[in-house]
Amino acid sequence: MDTRFVRDRITQLRLQKGVSEYQMSYDLGHSRSYIYNISSGKSLPPLAEFLQICEYFGIAPSQFFDDSCSTPILFQTAVDEIKQLDEKDLSLIIEIIRRLKRK
């Protein structure tokens with residue numbers, strides 16, 4: 001994993017969230033060029049800022065670096081919703097997932 005991965009992952013997640021570089025910079029409390037500078041490779045976020053970026057996307061740092069999941073924001077949303085289900089509904093969701101995997 002290299003700095004390009006971090007840049008590309010932030011861009012991927014930002015696009016999935018449907019926000020511009022400017023909007024994300026503003027939402028994080030930075031100048032309008034903050035995310036642009038990261039995406040273009042001019043800088044990398046320090047650790048505290050990286051954690052803030054993960055929080056902004058609603059994902060854990062481990063999900064940020066998990067390149068086997070191309071949509072970690074959707075995945076985390078699904079997990080959050082599933083956590084609220086009772087055992088019967090959770091079993092139903094598992095069966096639906098298994099059926100979808102067979103297709």
Report the distance from atom [atom1] of [X] to atom [atom2] of [Y], rounding to the nearest 0.5 Å.
X: Leu90; Y: Lys83; atom1: CG; atom2: NZ; value: 12.0 Å
X: Ile10; Y: Ile53; atom1: CD1; atom2: CD1; value: 4.0 Å
X: Thr3; Y: Ile38; atom1: OG1; atom2: CD1; value: 12.0 Å
X: Glu81; Y: Asp89; atom1: CD; atom2: CG; value: 12.5 Å
X: Gln23; Y: Leu28; atom1: CD; atom2: CG; value: 10.0 Å
X: Ile59; Y: Thr71; atom1: CD1; atom2: OG1; value: 10.5 Å

### More than 12 heavy atoms from other groups under 6.0 Å of OH on Tyr26
no
### Query
If you draw a 6.0 Å radius around CD in Glu55, do more than 12 non-hydrogen atoms from other residues or ligands fall strictly inside?
no
Shared ILVMFWY cluster between [X] and [Y], side chains joined below 4.5 angstrom?
X: Leu47; Y: Ile35; value: yes
X: Leu74; Y: Phe65; value: no
X: Leu44; Y: Phe5; value: yes

Minimum-distance pair of heavy atoms, taken over all atoms of [X] and [Y]:
X: Pro72; Y: Arg9; answer: CG-NH2, 3.5 Å
X: Phe50; Y: Pro45; answer: N-CB, 4.0 Å
X: Pro46; Y: Tyr34; answer: CD-OH, 4.4 Å
X: Val6; Y: Phe64; answer: O-CZ, 3.8 Å
X: Ser25; Y: Ser33; answer: OG-C, 4.3 Å
X: Val19; Y: Met24; answer: CG2-CB, 4.2 Å

### Query
Do side-chain atoms of Gln16 reach the backbone of Ser70 as a donor and acceptor pair under 3.5 angstrom?
yes
### Task
For Lys17 and Tyr56, indicate whether the former's side chain and the latter's backbone hold a donor-acceptor pair under 3.5 Å.
yes
### salt bridge (charged side-chain N to carboxylate O under 4.0 Å, His left out) evaluation trace for Glu95 with Arg102
CA-CA 11 Å; Glu95 182 57 35; Arg102 281 186 252 155; 3.5 Å; yes
### Task
Take Gln63 and Phe57 through the side chain to side chain contact (heavy atoms under 4.5 Å, CB included) test and state the conclusion after the steps.
CA-CA 10 Å; Gln63 291 170 306; Phe57 290 127; over 6 Å; no
### Query
Cut-off 3.5 Å, side chains only: do Gln76 and Asp80 have a donor facing an acceptor?
yes
### Task
Could you point out which residue of Leu85, Leu92, Asp86 forms a side-chain contact (heavy atoms from CB on, under 4.5 Å) with Lys88?
Asp86
